[in-house]
Structure formats: structure tokens, C-alpha cells
Amino acid sequence: MTLVPTPTRPQGDGPGPGPDFGPAPAANATPGRLIRMVQGLLSFQGLLVGGAVVIVGYLAIVPLGYLIHDTFLSSDGTGVSFGAFSRAYGGNAQAGDMLLNSMWFALGSAALALVLGTTLAYVQVRTDTPFKGLFFAASLVPLIVPGILYATSWIFLGDPSTGILNSLVFKPLFGSTPINIYSVWGMIWVQGLHLAPVAFLLMVAAFRAMDPSLEESAAMSGASRLTVLRRVTVPLLRPAMISAALLMFVQSLESFEVPGLLGLQNGIYVFTSRIYFVLRAYPVDYGAAGAYAIGLLLIAAAGVLLSSWLQRSSRNFQTVTGKAFRPRPVELGRARPFVGIAVILYFLVTVILPVAVLVYASMLKYYAAPSRKALSSMTLDNYRAVLDMPLAFTALKNSLLLGVGAATAVMVLTAVVSWVVLRTKAPGRRLLDLLAFTPIVIPGLVLGLALSFVYLRMPLPIYGTLLILLISYCTRYLPYGMRYSSAAMAQMSPELEESAHVSGASWFQTFRRVLLPLMSSGILAGWVYILVVSFRELSSTILLYSPGKEVLSVLIWEQFENGQFTTLAALGVLMVLLLVLLVSIAYRLGARFGLQGDSAN
């Protein structure tokens, strides 16, 4: 998303909402100007802006600073040492296999997600395929079904001995069980399917923004449909495809749930699972864990920087101008029934099967492939066990507190920061914008490790408490809140604030009674998104929680480690239902609030 540049109007001169912090005072500046500047900095508005800058800088910089410092610190604490890197990447650490597994897993997952997402987006936008509503129903999968539950469902489906696909489909037909979900290919399959809806949503936006007359002109010139797709459509979509591919790559690289649940069962390590393994070993080697974390961070940062560099040339591929256009769907003709069947199969594989197998497993005492005996023994005992589990209610309470707290704190903070970036001429506002987006390159497990370095050193008794988890969530989702707030702020004209200021309103009154109501739709969307993903968050939480401070994702992970698969399934079904309920309530309230706002106007 591209931010709207700062308004050209000099907002610090005369009435207006934005102060002109201006350049540093010259040597011959008058004392009156210096006094006014000091008064501005000490005002409520100046203190609020300064506090936002301090908070963002602390969240973005301090954990990484401690991580780098403690990783390079020698064992005697007297100087710089590379011993942690030699322990992590040298000797018998099998770092080469881990690096290859990480890159292969990330590249394969990104490629699978991009191919599926782009194909589905083309079919949905450019053709007259039936069942178009199933595409957007499937796009809710990564939002509603957490990665740990999605991976667990594919264990039930693709386990070599008890998986439904092997025992009920392939073994009766072919006499063998070819699917092994505990492999790099299995990890790529699960991660790619889980990310495909995200790629689909990104590519749908790209297809809708592209003028289809270019493809129609090529077709009228005699080019076949395949030639048009290869020579016109794909080149025009190249910037969007590269951006989506790199996003999928970074998300796969930092994924912990899929490698943790599938790879560790067969001794397959990637960066995230190796960090977890090192921190669970005794004695704990924090230096080696930090060395792995820095390696992962560098690869993720390189991917994001490469994406930014490639997007600089996106102007060469612009196809949207002031001329209006209406996409004309391609008639599939005889192929339409087959494409419709393919759409149903995709929805079946990505949505119905994973969710259905979770529901099926949740009603068994011991997991087994479907049979007459298994079906006759189905019961609701697992749900009763979950409801009678005191830790389940503790985890639910903790998840609600952290989700609501993180969503509220992030959206309030980013609303102020986006105002500073887009409405003022404060020096360093671009640096503040960069700091707010910095955590997007920090994988969750790296962030958890960095925060543990911070609060194991600081004399603040918050390690192992909900407060450190709240700090983790706020840091991790700060860039996403910034995207929503900046988009909402950029849509509003500064004249609205100037009018309130001329009418005698203070900055706080203007911000509270003008800006926040007008930004409410964007803020609500960001608040809902952060609430939902906070419920799913595992990678940073797994290193920071303590007994009694579990959240729902950690409780599900513990059930997996203890072999309680059917209880895990029941807990997962209840969690999915809760997320669906929360999203529905939030959007209904948002729609109602929007209608009230319209009526007020």
C-alpha cells in the first residue's frame, strides 16, 4: 500500500491542525520563536506526539538491539565474539541442511500459493465460472482457521498410517500409502494451501485494476487464449505477482506451526523449529538461538528490501488510467462445467476436508480412520472435557484480554503516528513511519527471543506475565495497524481539521470528535484484524508465556505435545467457532455504526 504524501499546504502557518515543527532553529532565531517552540513541545499535543515517537522507537528498536548485543557478546562479557555463530552454524550443527530446508520450504510454499492464488483470481475475475461465491468463502480460511489447526487437520488427513486419504483412498485403490505429511513436500503442501487464499485476494485486486482491453486487442489480432495469457496478462501482472510471491516467501520463512508440527516429527529442521529446539534443550544456549534468529532476520529483511526495490519499477507496468473500463468476462463455453467442478474440488480440499476432519476427530475417544466401529463410538466427551478444563477458561480469558488490549493499543497508537506522518511537517516523520513498519520484517519467533533478552536483563518483573505478551503482540502487529490507520487518514482532507480549529476546538477535541469518527471504518477493520490474529498467534507466545499465562494457541500446542489429539480437535473447533462469532459481531457493530454515521450526516 502506498502512503499519500504529506499535504503541500504549509500547515504550521496560520490556523490549521498540524503544527509546523519546522527545521532546527537557526543561531539568530528570536527568543520569542524559541519560546513558542518550547511551549508547543510541552503542550498536550506535543507531549502526545513525543510519547508516540518514544513508544514506537522502543517497540521497534530496543528488542533488536538487545538481541544483537547479547548474540555478539563474548562469554565473559568483555567484548565482541562470534562464538555463538560458530556453535550455531559450525561443527555438527547441520546448518547447511537447515538452511536448505528453510529455503526450499519457503520457496515451494510461496510458489504453490502464488500459482493457486493467481489461477483462482483469473478464473474469478476474468471468466464466467460458476460458484464464484466459494472463492471468497475459501479466502476466510487463513483468517478463521489458525495455522496450528490447519496443520493438525492435515495430520489427520495425510498421516502415513492413520491418515484418512491413505487408509480410505490410496491403500484400497493402489495398495500403498504414498502421502507422507511429515516431509518437506508435506510441509510445502500445507503451508501453500493455507497461504493460497491470501495470494488470491492480492491477485484479485490486481486483476480488477488491470484494463482488459489490452487482452481483448491481442485476441482480436489473432492470438490464442494461451498466447494472450503468456504474452500480455502475465507480464502486466508481474509487479503484483512478485510482491505477492515475496510476501508469501517471508510468511513461510517465519512460519513455526507447520514446521513444528510436521517437520519435527521426522527430524526436519528449519530456522524457526531449530530456534525452538535450542531453547528447549538443557542447558539453554541463548547465544546460538540468537545467531539463528539473526540469520532468519537477515533473510526476511532481504526479501522485504527486494520487494521494495522491485516495486520501484512498477510505473512501467501501469495500465490503469483516467479512462473508465468494465471487465468483460471470458466465456468458458464447454469448459464451464469442468471449471465449476475444479472450483468445488478446490473448496473441498482447502476448506471442507480440513474443517470436517477436525469435527470428526473431536468426537472420538482415540483418533482412528473412519470406520463403522469409529463412527459408532463418536461422543461429545471431548467437548465436555474441554469445558471442564480450568486451564481452557484461563486461556480464553488471557486470549480475550490480549486480543482486545493489543488491538486497542495498536490502533490508538497508529492513529496518532499516522497523523504525525501525514499531517505535520515534523522533522524525522519519515523515520517514524519507517520505524512503525520495521517489525514487519521480524519473524514472530525472533521477536519472542528478542523480548526475552530484553526483560531477562532489565530489572522489570514482567517476564512470564501477560504484560510481556501484550508488548509482543503490539510490536508484531504495529505495521498492520499502521497500514489501516494511514489509509484512513490519507482519505480525509485537512480542511476538516482546519474548520474545527478555526471554530475554537483544541487539537485533542479535533482529534477525538472529527478525525477518529471519520477514521472509524479503517480503525474498526484494523481492530478486528488484530483481534483475530492475536488469537492465532503462537510463534512469539511460545517463548514468552509461563504456566498459568497460557493462551488458546499455546494450549492447543501443549495438547499436541502431550498426544491429546482428539481433545486438541475439540478445543480447535470451539476456537474456530469463537473466532467466527467475534468477527461476525465486530462487523455487525461496524455496519450499524456506519449506518448511524451516515444518518448523522
Quiz item: Distance from S553 atom OG to I148 atom CD1, nearest 0.5 Å?
Solution: 7.0 Å
Quiz item: Checking R336 side chain against D128 main chain: does a donor-acceptor pair fall under 3.5 Å?
Solution: yes
Practice problem: Tell me yes or no: between the side chains of E537 and S539, is some donor less than 3.5 Å from an acceptor? | Solution: yes
Practice problem: Indicate the atoms forming the closest heavy-atom contact of A121 with F200, along with that distance. | Solution: N-CD1, 3.6 Å
Quiz item: Do any N or O atoms from the side chain of Y477 and from the backbone of V533 form a donor-acceptor pair under 3.5 angstrom?
Solution: yes
Practice problem: Evaluate the ring planes of Y484 and Y529, with Trp represented by its six-membered ring, and classify them as parallel (under 30°), tilted (30 to 60°) or perpendicular (over 60°). | Solution: tilted
Quiz item: Run the side chain to side chain contact (heavy atoms under 4.5 Å, CB included) check on S472 and T475 step by step: do they pass?
Solution: CA-CA 5 Å; S472 172; T475 305; 6.0 Å; no
Practice problem: Before accepting this row, confirm whether a basic side-chain N of the pair R87/D285 lies closer than 4.0 Å to the acidic partner's carboxylate O. | Solution: yes
Quiz item: Would F565 and Y366 satisfy ring pair (Phe, Tyr, Trp, His ring centres under 6.0 Å), going step by step from the backbone distance to the final call?
Solution: CA-CA 8 Å; F565 295 107; Y366 303 102; over 10 Å; no
Practice problem: Consider only side-chain N and O atoms of S362 and Y383, and report whether a donor and an acceptor are under 3.5 Å apart. | Solution: yes
Quiz item: Counting heavy atoms not belonging to W557, are there more than 12 under 6.0 Å from its CH2?
Solution: yes
Quiz prompt | The single option from F277, F256, F105 passing ring pair (Phe, Tyr, Trp, His ring centres under 6.0 Å) against Y269 | solution = F277
Quiz item: Any luck finding a side-chain donor-acceptor pair between Y545 and N398 under 3.5 Å?
Solution: no
Quiz prompt | Residue Y286 excluded, over 12 heavy atoms near OH under 6.0 Å | solution = no
Quiz prompt | Between Y473 and T541: side-chain donor-acceptor atoms closer than 3.5 Å | solution = yes
Quiz item: To the nearest 0.5 Å, what is the distance between CE (M363) and CG (D381)?
Solution: 12.0 Å
Quiz item: What distance do L262 atom CG and T152 atom OG1 have between them, rounded to the nearest 0.5 Å?
Solution: 8.5 Å
Exercise. State the CG-NZ distance between N382 and K365, to the nearest 0.5 angstrom.
Key: 10.0 Å
Exercise. Output yes when a side-chain donor or acceptor of N266 lies under 3.5 Å from a complementary backbone atom of Y182, and no otherwise.
Key: yes
Exercise. Determine, stepwise, if the pair I542 / Y276 fulfils side chain to side chain contact (heavy atoms under 4.5 Å, CB included).
Key: CA-CA 9 Å; I542 197 71; Y276 177 77; 3.6 Å; yes
Quiz item: What distance do I181 atom CD1 and I155 atom CD1 have between them, rounded to the nearest 0.5 Å?
Solution: 8.0 Å
Quiz item: Side chain of S255, backbone of S252: donor and acceptor closer than 3.5 Å?
Solution: no
Self-check item: Donor-acceptor pair, side chain of H194 and main chain of W189, under 3.5 angstrom
Solution: no
Quiz item: Can you check whether Y150's main-chain N or O pairs, donor with acceptor, with S153's side chain at less than 3.5 Å?
Solution: yes
Quiz item: Would a distance-only check, ignoring hydrogens and angles, find a side-chain to backbone donor-acceptor pair under 3.5 Å from S534 to G403?
Solution: no
Practice problem: Taking salt bridge (charged side-chain N to carboxylate O under 4.0 Å, His left out) as the test, write out the residues that go with E257, two or more places apart. | Solution: none
Exercise. State whether E550 and K397 are salt-bridged, where the test is any N-O pair (Lys NZ or Arg NE/NH1/NH2 against Asp/Glu carboxylate O) under 4.0 Å.
Key: no
Exercise. Please indicate whether R280 has more than 12 foreign heavy atoms, meaning atoms of other residues, nucleotides or ligands, lying under 6.0 Å from its CZ.
Key: yes
Exercise. Look up atom CD in Q251 and atom CD in Q191, then write down how far apart they are to the nearest 0.5 Å.
Key: 8.0 Å
